Amino acid sequence: MPEMLEVEEYRRLAALTLGRTITGVHAPDAWFLKGGLTPAQVTEVLLGRSFAADRRIGKLLLLDVDAGPTLGLRFGMTGRILVDGRAAIDRLEYSSDRNDPRWDRFGLDFADGGSMRMRDPRRLGGVELDPDEGRLGIDAAAITQAELRDVLGASDAPLKARLLDQARVAGIGNLLADEMLWRAGLDPARPSRSLSPADLRRLHRHLRATLDELGARGGSHMGDLQEMRSRDGVCPRDGTPLSRRTVGGRTTYSCPGHQR
DNA sequence: ATTGTGGCCTGCCCGC
DNA sequence: TGCGGGCAGGCCACAA
């Protein structure tokens, strides 16, 4: 589920754990630990310690252990975080109830009786120690127009594929990409290099506006296009039946009428 | 190096 | 009611 807007909410929630002494580490699912990390190792690193800082790059949530390493949390498509039993986002798409304690893949207990949990039905997320932050591009929330131009580059790859490439720009997922391209009136399948200076300006403006607006509304699934993301959806702007294709390896909805 | 594909893993929804 | 197929907001290894 989470794109950068959701992970940003997770970060705010995780900030509540800063400075609290970790008295318990639960890693019941070894598969959920990445980069060779073992339950014993992660326990050793965290027990008796606390987090000093919370950070986010794209969809990666980072918790810096006080005078220690960094815990990296990824949420895949269905992961969420709970702190002291509270979730950042109560409503989840594609599910009536993704809130079953059986799906807890990683957790911490704190000395004050509180807790943090990662709950992920599909187990596509994970926990990693000192993740390679350099593999991620600039965070989409802060990208400038010039940086966006560099991201798109002189590539024949589909525009949407570039926006989804986390090594170039971090944080944009499938729903946000469709929404901002729809708003900007740009065909997701257009070669990345084909944008005119005016196209680039428009995309940059709508990228920022999409993140701002959907963030304020409560998440990546709050876009204007979202409710029409179905087989018989029509463009909310001009009523044209929406196109459904695979672009950049992902299901893509776009309006053949105004996205060029 | 860049780009596309398949696969990971599990749950849910729809149609029969 | 049960079952199979398709689908899902991410990411990685792999191949061309």
Side-chain angles (χ1 to χ4, degrees), chain A residues 1-10 28-36 56-61 72-81 88-89 91-106 118-128 131-133 135-137 140 150-182 188-193 210-211 214-215 217-223 225-233 244-253:
Chain A
M1 44 169 290
E3 302 187 34
M4 60 181 294
L5 300 178
E6 285 73 28
V7 179
E8 176 64 14
E9 292 197 40
Y10 295 176
D29 185 356
W31 194 88
F32 208 68
L33 302 180
K34 306 300 181 183
R56 179 190 61 79
I57 306 175
K59 305 168 192 171
L60 174 66
L61 177 59
L73 308 179
R74 297 179 191 278
F75 298 92
M77 289 170 73
T78 56
R80 62 199 318 220
I81 194 170
I89 300 164
R91 179 172 174 276
L92 295 168
E93 290 294 297
Y94 304 119
S95 170
S96 51
D97 179 20
R98 285 218 161 136
N99 199 21
D100 190 325
R102 286 177 306 170
W103 300 328
D104 285 357
R105 313 299 183 189
F106 184 78
M118 279 182 79
R119 194 162 283 181
D120 183 1
R122 276 175 72 184
R123 300 167 75 214
L124 290 171
V127 174
E128 187 177 0
D132 183 358
E133 302 175 25
R135 288 174 53 199
L136 290 171
D150 292 341
V151 163
L152 301 179
S155 169
D156 286 322
L159 178 54
K160 180 178 175 182
R162 280 268 160 150
L163 293 175
L164 292 175
D165 186 343
Q166 303 299 302
R168 293 193 157 80
V169 52
I172 299 173
N174 200 34
L175 293 186
L176 285 176
D178 276 7
E179 176 77 12
M180 63 183 63
L181 290 170
W182 175 79
R190 252 178 83 166
S192 186
R193 68 192 309 168
T210 297
L211 295 180
L214 271 54
R217 290 182 198 174
S220 305
H221 52 87
M222 299 301 286
L225 184 64
Q226 175 65 23
E227 64 177 311
M228 289 299 177
R229 281 182 62 97
S230 61
R231 305 252 177 193
D232 51 358
R244 179 188 191 273
R245 330 166 251 182
T246 298
V247 178
R250 310 300 304 276
T251 299
T252 298
Y253 287 90

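We name chains A, B, ... by the order of the sequence lines, and we start the count at 1 in each one. All figures in this text were calculated on a predicted structure; none of them were measured in a lab.
A/R102 comes within 4.0 angstrom of nothing in the nucleic acid, heavy atoms only. Among the atoms of the strands shown, only primed sugar atoms or phosphate atoms (P, OP1, OP2) are found under 4.0 Å from some heavy atom of A/R244. Within the nucleic acid shown, A/G173 comes within 4.0 Å of sugar-phosphate atoms alone, with no base atom in reach, counting heavy atoms only.
Of the listed nucleotides (B/dG4, B/dC8, B/dT2), B/dT2 has the atom at the smallest distance from the side chain of A/R168. Nearest to the side-chain atoms of A/P121 among the listed nucleotides C/dG10, B/dG11, B/dT3 stands B/dG11.
Each of A/R231 and A/G249 was matched to the nucleotide of DNA chain C holding its nearest heavy atom; the match closer to the 5' end belongs to A/R231.
Remark: B/dC9 base-pairs with no nucleotide; criterion is Watson-Crick or G-U wobble with both hydrogen-bond distances under 3.5 Å.
Going from atom CG of A/L73 over to atom P of C/dC11 covers 13 Å, rounded to whole Å. Spacing between atom CD of A/Q166 and atom P of C/dG10 amounts to 8 Å, rounded to whole angstrom units. The distance from atom CZ of A/R74 to atom C1' of B/dC9 is 17 Å, rounded to the nearest whole Å. One can place CG of A/L152 at 14 Å from P of B/dT2, the figure rounded to the nearest angstrom. Between the CD1 atom of A/I172 and the P atom of C/dC11 there is a distance of 12 Å, rounded to whole Å. One can place CZ of A/R250 at 18 Å from P of B/dT3, the figure rounded to the nearest angstrom. Across the protein-nucleic acid pair, A/R123 atom CZ and B/dC8 atom P stand 13 Å apart, rounded to whole Å. Protein atom CG of A/D156 is 14 Å distant from nucleotide atom C1' of B/dG4, rounded to whole Å.
Screening A/E6, A/E8, A/Q166 for a side chain to side chain contact (heavy atoms under 4.5 Å, CB included) with A/K59, the sole residue that qualifies is A/Q166.
Close to C/dC12, at under 4.0 Å from its OP1 or OP2, lies a side-chain N or O of A/R135. OP1 or OP2 of B/dG11 has at least one side-chain nitrogen or oxygen of A/W103 nearer than 4.0 Å. An OP1 or OP2 oxygen of B/dC8 is reached within less than 4.0 angstrom by no side-chain nitrogen or oxygen of A/R122. Checking the phosphate oxygens (OP1, OP2) of C/dG10, no side-chain nitrogen or oxygen of A/T78 falls inside 4.0 Å.
Side-chain contact between A/R245 and A/P188 is present, with heavy atoms from C-beta onward closer than 4.5 Å.
Using modelled atom types, no side-chain atom of A/R217 and backbone atom of A/G223 make a donor-acceptor pair closer than 3.5 Å.
For the atom pair CE (A/M118) and CZ (A/F75), the distance works out to 4.5 Å, reported to the nearest 0.5 Å. Between A/L60 atom CG and A/D132 atom CG the span is 10.0 Å, to the nearest 0.5 Å.
For the P atoms, the distance linking C/dC11 with B/dC12 amounts to 22 Å, nearest Å.
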